[in-house]
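Step one of this worksheet: look at the structure below.
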Amino acid sequence: MAEASERKKVVVLGAAGNLGRRLVARGLAHGHEVTVFVRNASRFAEHWPGILPEHVRVVEGDVFDKRAMASAVMGCDALVNAAGHVADGARFVSLFENVVAAAEQHMAPSGRLWLLAGAAVLTVPHADRIGVSLPGVPAMYKTHEINWRRLQASSCDWSLMCPGPMVAAANGLPRDDLRISVEMLPYRVGAWARWAPPVALSLLMKSKLSELIVSYEDVAEIIMTNLAPNGRFSRRRVGVALPLNERGRKENWTLGEKGPTG
């Protein structure tokens with residue numbers, strides 16, 4: 001899964017959230033120097049399990065504050081954004097734009113930018129269609145497509161992590177047997193999809209959703225082990241699924257519900 005174990009200076013946005021805390025933990029586990037950029041340092045400390053390591057730098061600021069963002073990003077090797085919610089619509093697009101602009105303007109050319117979207121922005125295998133274009137997919141997920149198009153126009157060495165619903169790992173650790181895809185949805189689809197009507201592709205996506213329920217720890221691990229410049233995920237969308245014949249479950253969650261990055 002990993003490209004390199006070289007220590008990086010990593011800035012994590014949205015570190016107080018479910019995914020953000022795991023990003024910090026996995027970054028530390030791999031020896032990276034982590035800067036936590038949060039609106040409320042006390043809230044982050046309250047949600048951190050145990051004593052925060054002394055070498056973690058905590059910076060208070062708002063993603064919409066361009067000066068604060070410039071100060072946080074300057075000199076870092078990687079910027080990872082876990083802030084925002086797809087259900088926030090235009091505000092999420094604006095947040096995404098601010099993060100990308102900060103990386104473009106203040107991060108070194110060799111810096112890596114990781115952002116979050118959702119599985120619905122991945123392409124259906126054998127079909128020239130992305131999930132958000134299919135009938136029945138909640139309209140709010142189209143925001144992910146807007147953000148992806150913005151990235152395609154960026155000069156950054158970016159990657160767009162596109163998981164399905166996320167849950168906490170039972171043992172607090174990531175797995176090493178996941179299916180990881182590039183650009184495409186990470187499950188098997190027959191060549192019939194090339195000629196299938198959109199409604200059939202939509203039903204297929206719905207039937208496969210449980211395969212995409214991975215842990216926050218899994219997603220954080222993929223990101224924190226792929227921070228080397230110009231790697232296999234550079235300028236690509238990344239999908240992740242459980243091993244074949246395995247299904248996940250997320251309690252009290254329905255498609256279209258507001259959650260971290262969708």
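Note that the structure is predicted; figures quoted are calculated from it, not measured.
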Using the rule side chain to side chain contact (heavy atoms under 4.5 Å, CB included), only one of N147, I223, V100 pairs with L115; which is it?
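One option only clears the test, and that one is V100.
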Pairwise side-chain contact, [X] with [Y], heavy-atom cut-off 4.5 Å (strictly under):
X	Y	answer
F96	H144	no
R232	V182	no
V240	P163	yes
V121	Y141	no
L185	C162	no
W114	L23	no

If every non-hydrogen atom of [X] is compared with every non-hydrogen atom of [Y], which pair is closest and at what distance?
X	Y	result
D62	A68	O-CB, 4.5 Å
R175	P243	NH2-CG, 3.4 Å
A193	A127	O-CB, 3.7 Å
A70	H106	CB-NE2, 3.3 Å
A72	V11	O-CG2, 3.4 Å
P186	S181	CB-OG, 3.3 Å

Not counting sequence neighbours, which residues clear salt bridge (Lys or Arg N to Asp or Glu O under 4.0 Å) with D157? List them please.
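With neighbours one apart ignored, the set is R112.
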With E183, which residues qualify under salt bridge (Lys or Arg N to Asp or Glu O under 4.0 Å), at least two apart?
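For E183 the salt bridge (Lys or Arg N to Asp or Glu O under 4.0 Å) partners, ignoring immediate neighbours, are R236, R237.
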Please answer whether the main-chain N or O of [Y] pairs with a side-chain N or O of [X] as donor and acceptor at a distance below 3.5 Å.
X	Y	value
K142	V132	yes
H32	K8	yes
D88	R91	no
S202	P135	yes
S207	L204	yes
H126	V189	yes

With [X] via side chain to side chain donor-acceptor pair (under 3.5 Å) - residues at least two apart:
X	result
E60	none
N98	none
Q152	R149
S154	E104

Hey, could you give me the [atom1]/[atom2] distance between [X] and [Y], rounded to the nearest 0.5 Å?
X	Y	atom1	atom2	value
L113	C156	CG	SG	5.5 Å
K250	L212	NZ	CG	13.0 Å
L178	S215	CG	OG	7.5 Å
M166	L19	CE	CG	5.0 Å
T35	L13	OG1	CG	10.5 Å
E97	I146	CD	CD1	12.0 Å

Side chain to side chain contact (heavy atoms under 4.5 Å, CB included) between V214 and L242: does it pass, once the steps are laid out?
CA-CA 7 Å; V214 297; L242 294 170; 4.1 Å; yes
Taking atom [atom1] as the centre, does [X] end up with more than 12 heavy-atom neighbours from other residues, nucleotides or ligands that are less than 6.0 angstrom away?
X	atom1	result
D128	CG	no
K9	NZ	no
R235	CZ	yes

Taking [Y] as the starting point, is it possible to reach [X] by hopping between hydrophobic residues whose side chains are less than 4.5 Å apart?
X	Y	answer
L28	V36	yes
F64	M69	yes
I222	M184	no
V63	W158	yes
V59	M74	no

Which pairs pass salt bridge (charged side-chain N to carboxylate O under 4.0 Å, His left out) with one or both residues in [range], sequence neighbours excluded?
range	answer
residues 65-85	none
residues 190-203	none
residues 28-39	R7-E33
residues 10-25	R22-E217

Start with the C-alpha distance between R43 and V38, add both sets of side-chain angles, then the distance that settles side chain to side chain contact (heavy atoms under 4.5 Å, CB included), and finish with yes or no.
CA-CA 9 Å; R43 178 172 176 266; V38 290; over 6 Å; no
Using the side chain to side chain contact (heavy atoms under 4.5 Å, CB included) rule, take V12 and M224 through it: C-alpha gap first, then chi angles, then the decisive distance, then the call.
CA-CA 11 Å; V12 177; M224 287 297 171; 3.9 Å; yes
With sequence neighbours excluded, tell me which residues meet ring-ring contact (aromatic ring centres under 6.0 Å, His included) with Y187.
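Listed in chain order: nothing, the list is empty.
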Remaining members of the apolar cluster that contains I51, side-chain heavy atoms under 4.5 Å
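Traced through the cluster, I51 reaches no other member.
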Students often mix this up, so state it plainly: with edges at 30° and 60°, are the rings of F44 and W48 parallel, tilted or perpendicular?
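Geometry flag for W48 against F44: tilted rings.
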